[in-house]
Amino acid sequence: MLKKVLDRLKQLSVEPVPFDPSILDDPVATQAEWGPAKGGGASFGTHKVEAVDSFRLEFRPTGGALFFYGIFLVVGLLTFFGAGIAAMTAGVGLEGSARLGLLIPVIVGLVFSVVGGALMRRGSAPIVFDKRRGAYWRGRVAPHEMSNRHGHEHMAELEDVHALQLISELCTSKDSRYYSYELNLVLRDGRRMNVVDHGNHVSIREQADTLSAFLEVPVWDAT
């Protein structure tokens, strides 16, 4: 435990050295972008990788991520319904600003519920690598279930995946400062597609190695 804490503090105190993609001796590496493909990120591990079978690999939300999303949702729903009942009970006979004051907690609860629901839906969306279908996709509708497979925004043919890219991003806010790590697909034309983006450096390296072995492509680690 102490070693993990020390490693975490070291990551926060040392700025990463700019990565030179030319050392990879691959024209696609110099063609690809090396800045964040997805702004922001999480300070904790949001996903784990699981092999469904030898032909299918999936990234699924961790228990910690589901708990975090659930906090927003549950607190929001409790506040919304609790404040709503209180407002209907105590608001009888009140007018103007007094009634509006009772509605503020209801609105806050509704906002938390919507945010929590959106986080839960997005965070639990399937992230799939399927050799039978020859495709990668993110979302609840698989490409083969769509009328226009190539119109899928978060989809790539596995044969077009040239390499995996690992990069870091320093995320800062008023009260926090942490690194989030991106695992991206690099396609043969140099385009990138984000797979996951979270704050567990050890875990995302292991996930990259697992995916690398599954797809038989190299990992370009710039973290």
Side-chain angles (χ1 to χ4, degrees), residues 11 14-42 45-61 122-123 125-139 141-146 148-171 178-223:
Q11 292 173 15
V14 178
E15 296 293 334
V17 177
F19 183 74
D20 180 7
S22 65
I23 66 174
L24 297 170
D25 194 26
D26 189 320
V28 177
T30 55
Q31 183 181 355
E33 295 289 336
W34 287 87
K38 176 187 175 184
T46 60
H47 286 82
K48 57 186 177 181
V49 63
E50 295 184 4
V52 177
D53 54 39
S54 58
F55 296 97
R56 185 179 175 106
L57 206 66
E58 294 186 7
F59 283 78
R60 297 174 177 174
R122 186 178 66 177
I127 301 174
V128 181
F129 292 84
D130 193 324
K131 287 184 176 179
R132 292 187 184 90
R133 300 291 180 180
Y136 150 79
W137 71 88
R138 175 199 293 267
V141 180
H144 62 273
E145 298 173 340
M146 302 180 65
N148 181 13
R149 174 183 175 115
H150 297 284
H152 199 297
E153 181 181 0
H154 300 287
M155 174 268 168
E157 305 287 348
L158 294 186
E159 63 182 8
D160 290 335
V161 179
H162 183 73
L164 305 178
Q165 180 191 61
L166 277 176
I167 59 175
S168 61
E169 177 187 5
L170 179 60
C171 301
Y178 60 90
Y179 281 102
S180 188
Y181 304 93
E182 287 188 5
L183 172 56
N184 301 319
L185 304 180
V186 181
L187 307 184
R188 296 186 186 279
D189 60 3
R191 290 184 298 119
R192 299 181 301 167
M193 301 188 75
N194 178 251
V195 180
V196 291
D197 181 6
H198 63 72
N200 191 322
H201 193 200
V202 173
S203 175
I204 205 165
R205 277 182 164 176
E206 293 174 348
Q207 292 164 8
D209 289 339
T210 300
L211 185 56
S212 171
F214 181 78
L215 297 178
E216 299 181 342
V217 297
V219 177
W220 295 340
D221 190 348
T223 61

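Numbering starts at 1 and runs along the sequence shown.
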Looking only at heavy atoms, which two atoms of [X] and [Y] are closest? And how far apart?
| X | Y | value |
| --- | --- | --- |
| L158 | A135 | CG-N, 3.5 Å |
| A29 | L24 | CB-CD1, 3.7 Å |
| G199 | Y181 | O-CE1, 3.8 Å |
| L183 | A208 | CD1-CB, 4.0 Å |

Taking C-beta and beyond as the side chain, do [X] and [Y] meet within less than 4.5 Å on heavy atoms?
| X | Y | result |
| --- | --- | --- |
| D26 | W220 | yes |
| F214 | K131 | yes |
| F19 | L166 | no |
| D160 | M193 | no |
| T223 | I204 | no |
| L164 | L185 | yes |
| F129 | V195 | yes |

So, [X] side chain and [Y] main chain: donor-acceptor pair closer than 3.5 Å or not?
| X | Y | result |
| --- | --- | --- |
| Y178 | G41 | yes |
| T210 | E206 | yes |
| E182 | P36 | no |

From [X] atom [atom1] to [Y] atom [atom2], the distance as rounded to the nearest 0.5 Å:
| X | Y | atom1 | atom2 | result |
| --- | --- | --- | --- | --- |
| D20 | W34 | CG | CH2 | 10.0 Å |
| W137 | I127 | CH2 | CD1 | 12.0 Å |
| F59 | H198 | CZ | NE2 | 8.0 Å |
| Y136 | L211 | OH | CG | 9.5 Å |
| E157 | R188 | CD | CZ | 11.5 Å |
| R192 | H162 | CZ | NE2 | 14.5 Å |

Has D25 got more than 12 heavy atoms of other residues, nucleotides or ligands less than 6.0 Å from its CG?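 Result for CG/D25: open.
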Take atom CD in E33; do more than 12 heavy atoms of anything else shown fall under 6.0 Å from it?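 Count not over threshold, so no.
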Applying side-chain hydrogen bond (donor to acceptor under 3.5 Å, both in side chains), name anything that partners D197, two or more places apart in sequence or on another chain.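 side-chain hydrogen bond (donor to acceptor under 3.5 Å, both in side chains) check on D197 returns S180.
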Suppose we screen for salt bridge (charged side-chain N to carboxylate O under 4.0 Å, His left out). Which residues come up paired with R56, at least two apart in sequence or across chains?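 Counting only residues at least two positions away or on another chain, R56 forms a salt bridge (charged side-chain N to carboxylate O under 4.0 Å, His left out) with E58, D130.
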